[in-house]
Amino acid sequence: MAHWLLKSEPDVFSFADLQRAGVEPWNGVRNYQARNFLRQMAVNDLCFFYHSSTKVPGVAGVARVRRAAYPDNLQFEPSSPYFDAGSPPDNPRWSMVDVAPLTELPRFLSLDELRGVPELGGLRLVQKGNRLSVLPVSDEEFRVIAELGGLTLDALNVHPV
DNA sequence: GCCAACGTTGGC
DNA sequence: GCCAACGTTGGC
């Protein structure tokens, strides 16, 4: 199973919002690299839910993929800020996945704290100039972050959906 | 294909 | 609100 990190501005859509929503289409990604990662996601993959552009940015929870990549409908909605007139309907340019909340992190992990963890030096999130909103997390990085956040491996060893 | 201009992201 | 970093656009 692969692991990922998804960024969201909590003022727009927080982890608590995801918990209320239950399942949410992760739409609006308009960066090719991020899109390619979305397309690599499989059902049941676990994703850290990261709060960006906020007072204390950091990892707030864990979500999981409920539906693999399919066309992002907003690219065909002229009224949407995510509309893309150049996307061919027979070969849509942009994809989205559906995600559902799994669990909040018992201990919120700020970006500042993550930066201080030697094992996470390779994480794209903590590297300079990182702007990707969807990024891969290695198995080892996933374990380190989950444990730092107060999650037992049991808590994450959930039944597939 | 180069690269300057521009827009966006996101930490601070 | 500032600005560094980075991606995209478009003229040439």
Do A/Tyr32 and A/Trp94 have their ring centres less than 6.0 Å from each other? yes

Euclidean distance, atom [atom1] of residue [X] to atom [atom2] of [N] [Å, nearest integer]:
{"X": "A/Arg124", "N": "B/dT9", "atom1": "CZ", "atom2": "C1'", "value": "14 Å"}
{"X": "A/Leu6", "N": "B/dG10", "atom1": "CG", "atom2": "P", "value": "12 Å"}
{"X": "A/Lys55", "N": "B/dC12", "atom1": "NZ", "atom2": "P", "value": "14 Å"}
{"X": "A/Asp112", "N": "B/dC12", "atom1": "CG", "atom2": "P", "value": "7 Å"}
{"X": "A/Lys7", "N": "C/dA5", "atom1": "NZ", "atom2": "P", "value": "15 Å"}
{"X": "A/Arg30", "N": "B/dT8", "atom1": "CZ", "atom2": "P", "value": "14 Å"}
{"X": "A/Trp94", "N": "C/dG7", "atom1": "CH2", "atom2": "P", "value": "13 Å"}
{"X": "A/Asp11", "N": "B/dG11", "atom1": "CG", "atom2": "P", "value": "12 Å"}

Of the listed nucleotides (B/dG10, B/dG11, C/dG7), which one gets closest to any side-chain atom of A/Gln33? C/dG7

Side chain of A/Lys128: nearest nucleotide among B/dG11, B/dG10, C/dA5? C/dA5

Does the pair A/Asp72/A/Arg30 count as a salt bridge with the N-to-O cut at 4.0 Å? yes

What's A/Arg115 touching, base or sugar-phosphate or nothing? Going by heavy atoms closer than 4.0 Å. sugar-phosphate

May I have the step-by-step check of side-chain contact (heavy atoms from CB on, under 4.5 Å) for A/Val97 and A/Asp45, ending in yes or no? CA-CA 11 Å; A/Val97 297; A/Asp45 277 1; over 6 Å; no

Could you tell me whether the side chains of A/Ser95 and A/Arg39 share a donor-acceptor contact shorter than 3.5 Å? yes

Can you see if the side chain of A/Tyr82 gets near the phosphate of B/dT8 - specifically, an N or O under 4.0 Å from OP1 or OP2? no

